[in-house]
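What follows is one structure encoded as structure tokens, with my remarks underneath.
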Amino acid sequence: MRFTNPRHDSDMRSSDSTQVIAFTDVGGLGLPDRDYYTDKDERSTKLREQYAAHVARTFVLLGATPVQAEKQAATVLRLETALARASGAP
């Protein structure tokens, strides 16, 4: 089963306000696609480490202590990894 969280919406076309354009967006992950979470090569591992550090810095900016921020970032990465694994191949 492929996990998706599609958001369907519409908006006026910027070049012609008499036309309405429909679009679908699937969101939920901070990294571009599932392979960033699941690949085990050195590059992917380093990107995940950098992403976790970025998320931790964000939590610090929001008021968490560095220790709390690291734990929260690890939780975010675990959750997003689970979502990526459930989403299937791009």
Using modelled atom types and a 3.5 Å cut-off, is there a donor and acceptor pairing between side-chain atoms of [X] and backbone atoms of [Y]?
X: Ser44; Y: Lys40; answer: no
X: Asp33; Y: Asp35; answer: yes
X: Tyr37; Y: Leu31; answer: yes
X: Arg48; Y: Arg43; answer: no

CZ of Arg34 to CG of Leu83, rounded to nearest 0.5 Å, is 12.0 Å
Here the side chain to side chain donor-acceptor pair (under 3.5 Å) pairs for residues 66-79, sequence neighbours left out, are Thr65-Gln68, Thr75-Arg78
Notebook entry, point to check: So with a 6.0 Å cut-off around CD of Gln19, is the heavy-atom count from everything else above 12?
Noted result: yes
Which atom pairs, one a donor and one an acceptor, fall under 3.5 Å between side chains of residues 50-64 and the rest of the protein, sequence neighbours left out?
residue: Tyr51; atom: OH; partner: Glu80; partner atom: OE1; Å: 3.0
residue: Tyr51; atom: OH; partner: Glu80; partner atom: OE2; Å: 3.0
residue: Thr58; atom: OG1; partner: His54; partner atom: O; Å: 3.0

